[in-house]
Amino acid sequence: MARLTNNQIKVLLPEGWNDGTIYSFLGPERAGQRGIVTVCVDTSAGGVVSLDEYARARAAQVLDSLAEPEVLKEESRKLPNGRDVSEFAYRAGAGTERAYVWLAFTIERGVGYMFYGR
């Protein structure tokens with residue numbers, strides 16, 4: 001497995017600004033499309049809501065941006081390492097534009113993480 005430094009940078013944010021870091025990782029091309037995994041960091045998640053409420057609200061934002069998405073999976077579970085995760089899978093588009101997407105959410109030490117895979 002290849003290991004690369006992901007061009008980490010350090011930014012001093014002005015008062016009132018929050019870190020909204022997004023990481024994207026591109027996979028090899030298969031069947032004419034490249035896989036992509038995106039990780040979004042949400043420092044505003046805090047302990048304000050439960051993981052299920054957080055995940056449903058964030059998933060709704062994604063689904064509302066699509067024309068007629070078909071939800072294939074909506075499930076909360078515990079990973080083998082004990083971390084709670086909420087997962088959504090959906091299909092959107094048609095023909096060659098059809099995409100299968102997986103979303104997973106977790107909150108760790110008051111920080112929310114959304115994983116998006118296509």
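The chain is numbered in sequence order, starting from 1. Below, all heavy atoms of this structure are taken into account, side chains as well, without hydrogens, waters or symmetry copies.
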Discussion item. Run Val41 and Val111 through side-chain contact (heavy atoms from CB on, under 4.5 Å) and show every step you take.
Written reply: CA-CA 7 Å; Val41 180; Val111 177; 3.7 Å; yes
Worksheet item: Do Val39 and Met114 pass the side-chain contact (heavy atoms from CB on, under 4.5 Å) test, and can you show the C-alpha distance, the side-chain angles, and the key distance before you say yes or no?
Response: CA-CA 6 Å; Val39 182; Met114 179 180 84; over 6 Å; no
Worksheet item: Got Ile22 and Thr38 here, is their nearest side-chain heavy-atom distance under 4.5 Å?
Response: yes
Worksheet entry | Contact check, side chains of Arg77 and Val85, non-hydrogen atoms, under 4.5 Å | yes
Using the rule that Ile, Leu, Val, Met, Phe, Trp and Tyr join whenever any side-chain heavy atoms are under 4.5 Å apart, tell me whether [X] and [Y] fall into a single cluster.
| X | Y | answer |
| --- | --- | --- |
| Tyr23 | Tyr113 | yes |
| Tyr100 | Val71 | no |
| Tyr116 | Phe88 | yes |
| Val101 | Ile36 | yes |

Discussion item. For Trp102 and Phe115, take the angle between the two ring planes, folded into 0 to 90°, and tell me which bin it lands in: parallel under 30, tilted 30 to 60, perpendicular over 60.
Written reply: tilted
Practice prompt. Let me see the working for Glu74 and Glu87 under side-chain contact (heavy atoms from CB on, under 4.5 Å), right down to the final yes or no.
Written response: CA-CA 6 Å; Glu74 183 177 342; Glu87 295 178 283; over 6 Å; no
Discussion item. Using a strict threshold of under 4.0 Å (side-chain N to carboxylate O), is an ion pair present between Glu29 and Arg34?
Written reply: no
Discussion item. Please determine whether a side-chain nitrogen of the Lys or Arg among Arg58 and Asp42 lies less than 4.0 Å from a carboxylate oxygen of the Asp or Glu.
Written reply: yes
Discussion item. Checking Ser50 against Asp52: is there a side-chain donor and acceptor pair closer than 3.5 Å?
Written reply: no
Could you measure the distance from the [atom1] atom of [X] to the [atom2] atom of [Y]? Nearest 0.5 Å is fine.
| X | Y | atom1 | atom2 | value |
| --- | --- | --- | --- | --- |
| Tyr90 | Leu103 | OH | CG | 5.0 Å |
| Arg83 | Leu51 | CZ | CG | 11.5 Å |
| Trp17 | Thr43 | CH2 | OG1 | 13.0 Å |
| Asp84 | Glu108 | CG | CD | 10.0 Å |
| Arg56 | Phe105 | CZ | CZ | 11.5 Å |

